[in-house]
Amino acid sequence: MALGLPDAITACLFDLDGVLTSTAVLHRRAWRRTFDDFLRPRGEPPFAESDYLRFVDGRPRYDGVREFLASRGITLPEGEPDDPPDADTVHGVGNRKNDLLEAIIRHEGVTPYAGTAPYLRAVEDEGLGIGVVTSSANARKVLDAAGLSPFVQALVDGVVISRDGLKGKPAPDSFLAGARLLGVSPAHAAVFEDALSGVRAGRAGGFGLVVGVDRTGQREALLAHGADVVVEDLAELL
């Protein structure tokens, strides 16, 4: 099979932001502005790239808020999912980030990486199942804007994770749910992830192959967290 995959693999589960589309950069910008606006009045150092990679990247939105604030010794009340974006609650901070992200997407659009469509087309031509597993609640908008929705047979996103009470990455629950939707066992599915938490989730779920996608120069970290192979773009697998 000209896909860089073992013959036993019959389905592919892709993270979205940073794997299929360049929206990971947009997420990072929205998180930085959200947290910097929150931290500045408190006299805290600004949000750093290392903070994003360690505490936020790949996690469900509110989990990212909790993890990062805990790293600074800050505790906020949970609040409610419909909290306004200026509320000093976990949900308020998370909703502020989401509002910023949606504004950025509206103004700048969404661009898939160069190798995304060719690789998805090749996977489709080989008859393998295609699923997207992402912590983002904006997945459908992003897939539509990038022209990738026709490839996707199963979607587990932030909406599904919340609705079904799934544990977010690095727990394997969302990837396992994606495999179930495609009717395959984990051993016959490949996971494609750019986040360390996502790679850990793929390894913890017992998937047949975990592909790390290195967009930020963290090849060794992806391997250390459980990736079987690391590429800089999906086209390298063709």
Side-chain angles (χ1 to χ4, degrees), residues 12-32 34-35 47-68 70-71 94 97-98 101 110 112-113 115-116 119 131-139 142-143 146 148 155-162 166-179 186 189-207 209-234 236-237:
C12 296
L13 297 169
F14 299 92
D15 179 42
L16 179 59
D17 307 305
V19 173
L20 299 182
T21 66
S22 57
T23 38
V25 177
L26 308 185
H27 279 275
R28 194 176 289 114
R29 280 168 51 193
W31 277 119
R32 181 178 295 115
T34 297
F35 282 130
F47 184 69
E49 178 71 11
S50 58
D51 292 322
Y52 178 79
L53 295 174
R54 290 180 63 193
F55 305 118
V56 175
D57 191 20
R59 300 178 189 272
R61 189 191 322 150
Y62 303 125
D63 287 354
V65 174
R66 295 185 198 97
E67 290 287 329
F68 171 67
S71 77
K97 180 266 176 179
N98 196 55
L101 177 66
V110 175
Y113 288 106
T116 296
Y119 192 76
V132 168
V133 179
T134 172
S135 299
S136 174
N138 300 288
V142 171
L143 288 167
L148 301 178
L155 174 63
V156 178
D157 62 0
V159 176
V160 173
I161 290 170
S162 177
L166 303 177
K167 292 181 180 178
K169 304 169 188 176
D173 300 34
S174 55
F175 279 120
L176 294 172
V191 164
F192 297 76
E193 261 288 355
D194 71 310
L196 301 182
S197 60
V199 166
R200 287 171 57 195
R203 177 56 55 222
F207 286 87
L209 186 73
V210 179
V211 179
V213 182
D214 180 20
R215 307 288 189 188
T216 58
Q218 55 176 355
R219 174 185 176 84
E220 296 307 317
L222 288 166
L223 290 168
H225 282 74
D228 296 299
V229 61
V230 175
V231 298
E232 293 183 4
D233 188 79
L234 298 179
E236 294 176 36
L237 297 168

According to side-chain contact (heavy atoms from CB on, under 4.5 Å), who are the partners of [X], at least two apart in sequence or on a separate chain?
X: R219; value: D214, L223, V230
X: D173; value: L166, K167, A171
X: A137; value: R61, V159
X: A224; value: none

State which residues pass side chain to side chain donor-acceptor pair (under 3.5 Å) with [X]; sequence neighbours excluded, sorted by chain then number.
X: E67; value: none
X: D157; value: none
X: Y62; value: N95
X: T21; value: T23

Gap between atom [atom2] of [Y] and atom [atom1] of [X] - 0.5 Å precision:
X: T216; Y: L222; atom1: OG1; atom2: CG; answer: 7.0 Å
X: D15; Y: S135; atom1: CG; atom2: OG; answer: 7.0 Å
X: T134; Y: F14; atom1: OG1; atom2: CZ; answer: 13.5 Å
X: L237; Y: Y119; atom1: CG; atom2: OH; answer: 4.5 Å

Contacts of D63 that satisfy salt bridge (charged side-chain N to carboxylate O under 4.0 Å, His left out) - sequence neighbours left out:
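Counting only residues at least two positions away or on another chain, D63 forms a salt bridge (charged side-chain N to carboxylate O under 4.0 Å, His left out) with R66.
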Identify, with sequence neighbours excluded, every residue that meets salt bridge (charged side-chain N to carboxylate O under 4.0 Å, His left out) alongside E49.
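E49 satisfies salt bridge (charged side-chain N to carboxylate O under 4.0 Å, His left out) with R28, R32 only.
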Tell me which donor-acceptor pairs under 3.5 Å the side chains of residues 191-200 have, and how far apart each pair is, sequence neighbours excluded?
from, atom 1, to, atom 2, distance (Å)
E193, OE1, A195, N, 3.1
E193, OE2, K169, NZ, 2.5
S197, OG, D57, O, 2.8

How would you list all residue pairs meeting salt bridge (Lys or Arg N to Asp or Glu O under 4.0 Å) that involve residues 223-234, not counting sequence neighbours?
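Those involving residues 223-234 are R203-D228, R215-D233.
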Do L148 and V142 have side chains that approach each other closer than 4.5 Å (heavy atoms only, starting at C-beta)?
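When only atoms from C-beta onward are counted, V142 and L148 do not touch, as no gap falls below 4.5 Å.
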Check whether any side-chain heavy atom of H27 lies under 4.5 Å from a side-chain heavy atom of S136, and answer yes or no.
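In contact.
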Please report the closest heavy-atom contact between [X] and [Y], naming both atoms and the distance.
X: G212; Y: A227; result: N-CB, 3.8 Å
X: F207; Y: G202; result: CD1-O, 3.3 Å
X: L176; Y: G205; result: CD2-O, 3.9 Å
X: L13; Y: A189; result: CD1-CB, 4.3 Å
X: A139; Y: L155; result: CB-CD1, 4.1 Å
X: V110; Y: A146; result: CG1-CB, 3.8 Å

Do the rings of F68 and F35 sit parallel, tilted or perpendicular, given the 30° and 60° boundaries?
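If you compare the ring of F68 with that of F35, the planes turn out tilted.
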Counting only N and O atoms by type, is there a donor-acceptor contact under 3.5 Å from the side chain of S174 to the main-chain atoms of G168?
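The answer is no, because no donor-acceptor pair under 3.5 Å joins these two groups.
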Chi angles and distances behind the side chain to side chain contact (heavy atoms under 4.5 Å, CB included) call for Y113, V213
CA-CA 12 Å; Y113 288 106; V213 182; over 6 Å; no
